[in-house]
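What follows is one structure encoded as structure tokens, with my remarks underneath.
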Amino acid sequence: MSDFSGLSRRRFIATAGAASGAVLLKGCFGNPPSPANLSPRAEAMTLSPATTPEVSNIKLGYIAIAESAPLIIAREKGFFDRYGMTGVDVSKQASWGAARDNIEIGSEGGGIDGGQWQMPMPHLISEGLITKGSRKIPMVLLAQLSTQGNGIAIATKHEGKGFGLDIGKSGAGDYIKQMSQNGTPFKAAYTFPKVNQDFWIRYWLAAGGVDPNKDLNLIAVPAAQTVANMRTGSMDGFSTGDPWPYRIIKDRRKIGFMAALTAQMWPAHPEEYLALRRDWIEKHPIATKAILKAVMEAQQWCDDPKNREEMVRILATRKYFNVPTDFLRGPYEGHYIMGDSKPEVKDPNLGIKYWKDIRGSVSYPYKSHDLWFLTESVRWGFLPEGVLGESKRIIDTVSGEKYWREAAQEIGIPAADIPQSTSRGLEKFFDGVEFNPENPKAYLDSLKIKSIKA
Ligand code: CA
């Protein structure tokens, strides 16, 4: 009897070992991991009447890219529940256009109450500039979700042409212009017009002497379709964010390579933001702060290297990004395989950050960054020049700085981590250009390539 049970036990151990081995192998060969073996969720706070949210549910949209991690982590690790928001629905959006349409109808109409946005989408939605029938949907910007983690990918067929950070010096800028003169213009994509990804590729092109309005075709195409088109050779470039760069580089079919990272173009640049509908916030100010507190905790959790493996495992699952964990590990360590015989980038300061970066707070929604997005919109004629005269009103109306500061104080964020000013001050780009938020016109005057409209 004892022999028999001993044998069973050995058999059981052998079988269990083989099973876990199989899981590991699956992970290595590119299947998304299962969310097993996670550390415990955050414990609930004892809430007073002043901190008990008016409602416990909200519907937040996200796009399956690295910027959304604080929302996903706040949900999965129990940070939302901790502050009484036990019914937060973190809802995957099919595209930026879908997110825009869903905010317009709100959760009552089957849409969303807020979520993750490229900039300046909250301002454009508030002003009724990208909504159906130009309807104004006032929004409030509560926090920046992340910095860095975006870049410019180029199709494999353009290897060896000097595509890097500075295409003016390397000859790749002339190569793009030559393609246009030959009647086969370079074709590049972003996922939604007049926001971050469009700005990043325009800045990079123009710094290299290429006019994005004249010297190539720049168009809005969904990410998956762009990558498929790069593979077949009908798309030449893509302004994109993690984990797409790894999807492109590591694909066996050699889809493309990375020319530049946004972290190299503008270290610690503003990226994507958390914003909610103003009508929701006005009805639920305590719940608004509860959401912010949870997101702030999640941002700190995400930046802590000891949580990295767990974070990567959660994000990589089929439910969220549906990628191998390998595709996410690199970007968080600032490790990028660039391809095209370029050296690998290995610098933790160039990785994705959620809470703190080399300039201080990532999470704080600086008005000076809203102003850069509006100024860049004027640079490319997306908004008329007169918007600069109105920028204070537009930015003040959308800013949720007040909520950020109160939430930070209520959860005991150290004073040193709460910015003193609403301006981060002077911003410096890789090509030597500077943006002084005190004088956006001087920035516009300093730029050679632009298409300002009166
Ligand atoms: Ca982005």
Side-chain angles (χ1 to χ4, degrees), residues 60-73 92-100 114-125 130 141 143-153 188-205 218-227 237-249 258-275 295 299 302 315 320-321 323 327-328 330-332 334 336 350-355 357 362-363 365-366 369-370 372-373 376-377 382 429:
L60 301 176
Y62 78 95
I63 298 285
I65 49 176
E67 288 86 335
S68 64
L71 303 180
I72 293 168
I73 293 300
K92 194 185 273 189
Q93 304 295 295
S95 65
W96 290 105
R100 181 262 330 264
Q116 166 197 359
W117 304 99
Q118 293 195 70
M119 288 282 277
M121 287 179 86
H123 304 80
L124 299 175
I125 293 167
I130 56 171
L141 206 64
Q144 178 172 219
L145 289 170
S146 67
T147 181
Q148 309 186 143
N150 287 249
I152 313 295
Y190 42 76
T191 50
F192 194 80
K194 305 177 184 182
V195 296
N196 297 40
Q197 282 188 6
D198 193 359
F199 289 137
W200 302 146
I201 194 165
R202 281 170 179 269
Y203 194 98
W204 172 76
L205 289 163
L218 204 49
I219 48 174
V221 180
Q225 194 189 326
T226 296
V227 172
F238 184 22
S239 176
T240 185
D242 289 308
W244 285 103
Y246 263 68
R247 280 176 161 144
I248 291 166
I249 298 276
M258 294 306 290
L261 306 174
T262 53
Q264 298 170 317
M265 289 162 57
W266 179 5
H269 62 84
E271 188 49 35
E272 291 173 21
Y273 284 67
L274 169 66
V295 168
Q299 289 181 298
C302 288
L315 298 178
Y320 294 112
F321 298 177
V323 292
F327 287 18
L328 291 166
Y332 288 116
Y336 286 90
L350 296 179
I352 303 163
K353 304 277 185 266
Y354 296 104
W355 180 248
D357 60 21
V362 172
S363 179
Y366 288 104
H369 289 161
D370 300 21
W372 182 81
F373 283 109
E376 203 67 358
S377 303
F382 299 156
F429 298 81

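Just so you know, ligand 1 is whichever comes first in the structure, and atom 1 is the first atom listed for that ligand.
- When the N, O or S atoms of Glu272 are ranked by distance to the Ca ion (ligand 1), OE2 comes first.
- A tilted orientation is assigned to the rings of Phe429 and Trp266, their planes being inclined by 30° to 60°.
- In this structure, Phe373 and Tyr273 have perpendicular ring planes: the angle between them is above 60°, well past the 30° mark.
- For a distance bound of 3.0 Å, the N, O or S atoms of Asn150 include one lying that close to the Ca ion (ligand 1).
- Closest N/O/S atom of Glu271 to the Ca ion (ligand 1): OE2.
- Using modelled atom types, one finds no donor on one side chain facing an acceptor on the other under 3.5 Å when comparing Gln144 with Ser363.
- Ring geometry for Trp244 versus Phe238: interplanar angle over 60°, hence perpendicular rather than tilted (30 to 60°).
- For Glu67, the N, O or S atom with the smallest separation from the Ca ion (ligand 1) is OE2.
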